[in-house]
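The next block holds one structure in the form of structure tokens; read it before the comments.
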Amino acid sequence: MEEFTVSRASRISLFEFIIAVVLSQNTSDKNAIRAFENLKKNLGVINPENILKTESDRLADMIRPAGMYRGRSRVLLELAKVFSQNGFESKLAEEIAKSDVETSRKILTSLPGVGPKTADVVLIAFFGKPVFPVDTHIRRITKRLGYVKSDSYYDISYFWSLNTSQSNYMRLHLLLITHGRRTCRAIKPSCFSCPIKSICEYGNKVVEDGKR
């Protein structure tokens with residue numbers, strides 16, 4: 001997900017970036033990219049005006065590769081309505097740029113379809129704010145390591161924020177996601193070949209059980 005959105009942060013509008021992040025929620029980068037490119041191809045420019053003048057069924061069909069396309073199309077339309085207000089995007093960007101992290105997060109999560117994780121991706125990738133986004137891979141890895149017992153998004157985000165420098169937030173975030181996809185998978189994780197099994201509570205148990 002983040003590889004898909006981060007690479008676009010410096011060359012698209014805030015609205016288009018938020019749309020890209022929404023399309024990448026709970027799906028693979030491959031599917032998110034297909035949906036985003038379909039949208040771009042059909043609309044020409046991904047802006048509130050073009051989305052609002054597109055029939056909801058056609059919009060849903062454009063983003064079908066991302067999955068949950070009917071629900072996502074409703075979110076895109078709701079976001080477009082908000083951003084179509086005169087001067088909304090520039091005011092939003094200005095407000096976030098001058099606000100602290102907590103205030104910025106509250107501003108973003110007030111938008112349709114934007115939860116804490118989506119907000120944090122926008123904050124770190126688009127605005128360069130010091131936040132540590134947490135996805136399902138990072139949540140799973142953190143709990144298996146045994147460092148955080150809670151399922152709380154904020155507890156897990158705080159743990160990683162506290163234990164690495166701000167300059168490493170994005171790099172570590174992406175590395176953990178890659179580790180979750182390739183090694184620390186939800187089903188049949190590769191604990192025996194895992195490079196960090198020596199510090200992993202879950203991995204050590206799996207390896208010890210395998211020796212018995």
Side-chain angles (χ1 to χ4, degrees), residues 1-10 17-37 65-68 72 101 105 108-109 113-212:
M1 165 188 165
E2 278 66 22
E3 293 92 335
F4 163 58
T5 52
V6 169
S7 64
R8 288 161 169 75
S10 63
F17 187 77
I18 292 174
I19 294 300
V21 181
V22 168
L23 289 176
S24 62
Q25 294 168 348
N26 302 307
T27 192
S28 68
D29 283 353
K30 179 181 177 181
N31 290 337
I33 291 168
R34 284 180 61 202
F36 184 84
E37 290 181 345
M68 300 182 288
R72 288 187 207 268
V101 166
R105 188 183 281 128
L108 282 171
T109 53
V114 177
K117 190 251 182 141
T118 297
D120 281 355
V121 171
V122 173
L123 289 177
I124 190 171
F126 198 91
F127 290 98
K129 298 275 188 180
V131 295
F132 198 98
V134 173
D135 76 338
T136 55
H137 298 293
I138 295 174
R139 177 179 277 109
R140 180 173 65 253
I141 292 167
T142 310
K143 295 197 70 180
R144 283 177 174 173
L145 285 168
Y147 295 147
V148 179
K149 303 299 182 183
S150 167
D151 275 323
S152 165
Y153 177 95
Y154 297 106
D155 288 348
I156 296 170
S157 177
Y158 179 71
F159 167 79
W160 290 108
S161 298
L162 196 64
N163 286 282
T164 191
S165 63
Q166 291 183 5
S167 61
N168 282 332
Y169 282 2
M170 180 57 79
R171 183 167 180 267
L172 179 58
H173 170 77
L174 295 174
L175 284 172
L176 286 169
I177 291 174
T178 300
H179 184 63
R181 287 173 177 165
R182 295 179 181 175
T183 305
C184 194
R185 299 182 295 270
I187 300 172
K188 295 183 179 180
S190 302
C191 294
F192 284 89
S193 62
C194 177
I196 59 171
K197 63 177 179 292
S198 62
I199 60 169
C200 179
E201 185 179 280
Y202 179 90
N204 275 314
K205 184 177 185 303
V206 170
V207 171
E208 284 303 313
D209 287 346
K211 291 177 180 177
R212 293 172 189 167

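Atom set for the values below is all heavy atoms of this structure, side chains included, hydrogens, waters and symmetry mates excluded. Counting begins at 1 with the first residue of the sequence.
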query = Taking 4.0 angstrom as the limit, do Asp155 and Lys149 come out as a salt bridge?
reply = no
ask   = Would a 4.5 Å heavy-atom cut-off, applied to side chains only, mark Val207 and Lys197 as touching?
value = yes
task = Could you walk me through whether Phe17 and Val122 pass side chain to side chain contact (heavy atoms under 4.5 Å, CB included), step by step?
result = CA-CA 8 Å; Phe17 187 77; Val122 173; 4.0 Å; yes
task = Could you check Asp120 against Tyr153 for side-chain hydrogen bond (donor to acceptor under 3.5 Å, both in side chains), going step by step and ending with a plain yes or no?
result = CA-CA 11 Å; Asp120 281 355; Tyr153 177 95; 2.7 Å; yes
task = Can you establish whether the number of heavy atoms outside Arg182 located under 6.0 Å from its atom CZ is more than 12?
result = no
query = Sub-3.5 Å donor-acceptor pair from the side chain of Arg72 to the main-chain atoms of Ala66, do we have one?
reply = yes
query = Does the Ser28 side chain pair with the main chain of Asn31, one donor and one acceptor, at a distance under 3.5 Å?
reply = yes
request  = Using modelled atom types only, decide if a donor and an acceptor are shared between the side chain of Gln25 and the backbone of Lys117 within a distance under 3.5 Å.
outcome  = no
ask   = Should Pro189 and Arg144 count as side-chain neighbours, where that means a heavy-atom distance under 4.5 Å?
value = yes
Under 3.5 Å: donor-acceptor pair, side chain of Thr142, backbone of Ile138 = yes
task = Could you check if a side-chain atom of Phe132 sits within less than 4.5 angstrom of a side-chain atom of Ile156, using non-hydrogen atoms only?
result = no
request  = State, with a plain yes or no, whether a side-chain heavy atom of Phe192 is found less than 4.5 Å away from one of Val206.
outcome  = yes
request  = First locate atom CD1 of Ile196, then atom CG of Leu145, and finally report the distance between them rounded to the nearest 0.5 Å.
outcome  = 5.0 Å
task = For the residue pair His179 and Cys194, establish whether any side-chain heavy-atom pair is separated by less than 4.5 Å.
result = yes
